[in-house]
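Comments concern the structure below.
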There are 2 protein chains.
Amino acid sequence: MEKIRMIDVANKAGVSKSTVSQYLNKRYEFMSKDTRQRISDVIQELGFKPNSVARSLKLKKTNTVGIIVPNINYSFSTAVSRGVEDYCQKHGYSVIICNSDDNPEKEHAYIQMLQMKQVDGIIISSTGQNNELLKEEIIRELPLVLLDRIFEDMEIDLVCSDHRAGAFEAISHLIKMGHKRILVVIPDEHLNSSRVSRIKGYDDALEKNGIDKDEKLIVYVSEDNIDSKIDDLFRIDDPPTAIFCINDLATLEVLTCLKRKKIKIPEDVAVIGVDDFPAANLLESPLTVVGQHTYEMGMKAAELLIRRIEEKKIDKYVQHVFPCELIVRESCGFKNE
Amino acid sequence: MEKIRMIDVANKAGVSKSTVSQYLNKRYEFMSKDTRQRISDVIQELGFKPNSVARSLKLKKTNTVGIIVPNINYSFSTAVSRGVEDYCQKHGYSVIICNSDDNPEKEHAYIQMLQMKQVDGIIISSTGQNNELLKEEIIRELPLVLLDRIFEDMEIDLVCSDHRAGAFEAISHLIKMGHKRILVVIPDEHLNSSRVSRIKGYDDALEKNGIDKDEKLIVYVSEDNIDSKIDDLFRIDDPPTAIFCINDLATLEVLTCLKRKKIKIPEDVAVIGVDDFPAANLLESPLTVVGQHTYEMGMKAAELLIRRIEEKKIDKYVQHVFPCELIVRESCGFKNE
DNA sequence: TAGTTTTGATAAATCGGTTTAGTAAATGAC
DNA sequence: GTCATTTACTAAACCGATTTATCAAAACTA
C-alpha cells in the first residue's frame, strides 16, 4: 500500500497540486465552492495525510521542540516535562525528550542532534558545562529557554524557582523550631545554579539568625558513601539536629539511610526535603518539603519558547521566577504554640 | 548568520555537493585522500551540520519514533519511557513523547500527528478505543509495538508483564496470611487489558483456594468518591481485611484515604499495591507491591521496534512477557513462621 | 597507437510539499 | 465592443539533502 501524496489527491480531483496545497492551508479566497468540496471529498476518500517532513523542509519549520533534562525519572523533571508537553500539544508542537544524565558530552550530542533535526527551539536544564556553546552559538540560531538554571551575565529567557527564598524559609522554619546545627546533603559533586541558590538561602538564614556556619555540615554524598558520612556526622561533639536535603535524590537517600540506622524522624533528627512527591505525606514521618510549581513551570517554559518561536522579534528576555512553597508536615517536629 | 548548507561546503572545498554527500555517508572508495581531507577541513571550519529534514525527505526515514503513554507522571510510564529513550539514543533514534490521558480522541490525534511526522515506528500503551484503527491501518504502514497491552487475535510485537501471575501471587500471599475478604480497587471506569489480567489473577487465586468471589469487593473509585466507597465497604457485615490496589494511582488514593480515616496498616487492613515506587519502602507501613521490570520493558520495546524498523521482513511477531516480582514488605502483615 | 578499464568526481533527478508569478476565462466599466 | 479587473487555477522554482547515470582523465592492455 503506497503512501498517498498530494499529487495523487490532485490528479483524482482533477486539479493541480498547487490548488490542493492552497486548500490544505485554508487559502480559500480564490477557490470555487465546487473545487473545494471535490478536494475535500478526495482527501477523505484516499485518507490523505500530508507529509510534514516535506512541509518542514520548505517552510524551515518543524513544529517540534526539544527538552533536555538531567533525568526524566526525577519527580521535578517528570512534572515539568508533562507541563511542557501539554502546552506544546495544545499549540501544535511535538516534544523530543532527551535525558542528559548531567553528562556534558551526552548533553552536547543531544544539542547537536536537535539542531540537525531542525527543531524550532530547545528547553534545557543544562549541566552547566556547555554554557559557552549555548551562549556563543545556539542562542544565536535557535530559541532557547533555560529551565531551573541561571546563566550569569546572559540575556536569555528563563524559568526557575526562587530557590534561595525557598531554602531560606525552610531553614528559618527549622531555626524557629529550635535547630541550630543543620546539615545540608547534596548528591555527588555536581553543583548547578539551583543548588548554589539553595545553599545561599541556607547561609542567609543562618546569618540572619546569628548562627555561625560550620562547613562540616555541608556534605556531598553518593549512594555508596552516605552511610559512613552520616555515621561520622552523628559521632562528632555537636551533631546536627536537622537535615536539609537539597533535592529529591538526596531526600530518598537520606530517608533510606536514617531508616536503616533506625534514627527517628523528627524525634532524633528533623528533615526537610525539596520537591513534593506524591507519597511525601504518606511517609512514616510525613515529610516537610520545599515545594515547587513544577507543572506550571513546564507550561511557562513552553509558553516562553513558543512565543519566541512565533513572534519574530521580542527584544526583552523574560526571567520568570516561581515562588517556592514550604509545605510543613511532621518531619521537622510538631510546633508547640 | 545564515545556516551552512552542503552546497556551501562544496563550494568552499572546490567540489560538487554530490562529493560532499558521499563523504558524509562514508563512501570513500572513489575519493582521493586529498579531497577527503579538504572536505573534512571545510566542514570543521564552517561548523556544518547536515539538515536531517532534507535527508529524511529523500530517504523516507526520520530516525524518530513516537511513544504514546497514558501519562508520563505514572511511575510505570516514566520508567518505561526512560528505558525507551535510552535504547533509542544508543541506536541513533530520537523519541517524541505523547500523553494520551487515556483519552481516545487525544490518542487518535497523536497517532495521526506521528504519521504525518513520518516517524519510523510507534510504541503505544493504547486506550483500547483505537484498536480498530491500529489493526486495520497503522500496523500495515508502520512498525508498532504494544506496551503493557494485549490485543486479542492480533499478530503484533508486544511487551508486557505477566499481570495475571503477579496478581495471583499477590493474592495467594494475602490468602496465606489468612485473608479471605480481599478488596480490589480500580481507578475510574477504565479497564484495559492489564487490569483485566490482574483481576483474572485475583479470581484464579480465590478459586484455587476455594474462596467464593464477592462482586461487591471489586470497586471502581475516583478521587471524589473513594472516601464514601471505602466507608460503605467497612460498614458491611463482613468487611474486607485486605486491599489489592490495581495500579499506582489507586494505591496513592487508597493510602491517603486510609490515613485520613486513621485505619492502620497492616493491623486494621493489609494492603498490596502494583508498581514499586521510590518511596514505597519509606512509607508509614512499608508497602508490599507487585513490582514490574519497567525500565527493562522500555528497553525491550524499543529493541523490538528498532529491529522491525531496520530489518525489512521479520515474519514472526515477538510477544515478550516479563515476570512480576512480589516485593514483600510490612503492609500486608508480618509473617509468623 | 588505439582501445579498454579504472579512478575520481559531477550534473541532474528526486523526495513531497509551498509559493510566486503568471495565465485564461469571466465579469465589469464606459 | 474594447479594455481593465477580478476570479480560479496552474507551472515551475524551491527547500537541502541522496543517488544514479554519466563523463573526463589517467592508467593499463595489446
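The chains referred to below are lettered A, B, ... by the order of the sequence lines, with proteins before strands, and numbering in each begins at 1.
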- Note on the structure: With sequence neighbours left out, the residues meeting salt bridge (Lys or Arg N to Asp or Glu O under 4.0 Å) with A:Lys17 are none

- Please check if any side-chain donor atom of A:Thr62 sits under 3.5 Å from a side-chain acceptor atom of B:Lys117, or the reverse. no

- Query: What residues form a salt bridge (Lys or Arg N to Asp or Glu O under 4.0 Å) with B:Arg307, not counting sequence neighbours?
  - Reply: none

- Message: For a 4.0 angstrom threshold against heavy atoms of chain B, report the outermost contacting nucleotides of DNA chain D in 5' to 3' order.
- Response: D:dG16 to D:dT19

Filtered N/O pairs between nucleotides 15-17 of chain C and protein, under 3.5 Å:
from: C:dC15; atom 1: O3'; to: B:Lys60; atom 2: NZ; distance (Å): 3.0
from: C:dG16; atom 1: OP1; to: B:Lys60; atom 2: NZ; distance (Å): 2.4
from: C:dG16; atom 1: N2; to: A:Ala54; atom 2: O; distance (Å): 3.3
from: C:dG17; atom 1: OP2; to: A:Met6; atom 2: N; distance (Å): 2.8
from: C:dG17; atom 1: O5'; to: A:Asn51; atom 2: N; distance (Å): 3.4
from: C:dG17; atom 1: N7; to: A:Lys17; atom 2: NZ; distance (Å): 2.7
from: C:dG17; atom 1: O6; to: A:Lys17; atom 2: NZ; distance (Å): 3.1

- Separation of C:dA25 C1' from A:Asp34 CG (nearest whole Å): 16 Å

- Exactly one candidate in A:Asn99, A:Leu114, A:Asn130, A:Leu147 meets side-chain contact (heavy atoms from CB on, under 4.5 Å) with A:Ile68; the answer is A:Leu114

- Measure from NZ or CZ of A:Arg36 to the centre of the six-membered ring of A:Tyr28 and say whether it is under 6.0 Å with the direction within 45° of the ring axis. yes

- Task: Drop me the distance from B:Ile4's CD1 to B:Glu45's CD, to the nearest 0.5 angstrom.
- Result: 10.0 Å

- Relative to the 5' end of DNA chain C, which residue comes earlier, B:Thr35 or A:Arg27, by the nucleotide with the nearest heavy atom? B:Thr35

- Item | A:Asp157/A:Lys300 ion pair, N-O < 4.0 Å | no

- Message: Tell me the bend of the helix from C:dT1-D:dA30 to C:dC30-D:dG1 as the angle between end helix axes, each from five pairs, rounded to the nearest 10 degrees.
- Response: 60°

- Given C:dT10, is OP1 or OP2 found less than 4.0 Å from the side-chain N or O atoms of B:Thr19? yes

- Query: Is B:Arg5 salt-bridged to B:Asp8, going by a charged N under 4.0 Å from an acidic O?
  - Reply: yes

- Message: Let's go through A:Val145 and A:Leu158 carefully: what are the C-alpha distance in whole Å and the side-chain angles of both, what is the deciding distance for side chain to side chain contact (heavy atoms under 4.5 Å, CB included) to 0.1 Å, and is it a yes or a no?
- Response: CA-CA 5 Å; A:Val145 173; A:Leu158 143 187; 5.7 Å; no

- Query: Which residue pairs pass the ring pair (Phe, Tyr, Trp, His ring centres under 6.0 Å) test when at least one of the two sits in residues 81-111 of chain A, sequence neighbours left out?
  - Reply: A:Tyr87-A:His91

- A:His293 and A:Tyr295: aromatic ring centres closer than 6.0 Å? no

- If each of B:Gly14 and A:Gln22 is mapped to the nucleotide of DNA chain C with the nearest heavy atom, which maps nearer the 5' terminus, i.e. the 5' end? B:Gly14

- May I ask you to say what A:Ser18 touches in the nucleic acid, namely base, sugar-phosphate or nothing, with a heavy-atom cut-off under 4.0 Å? base

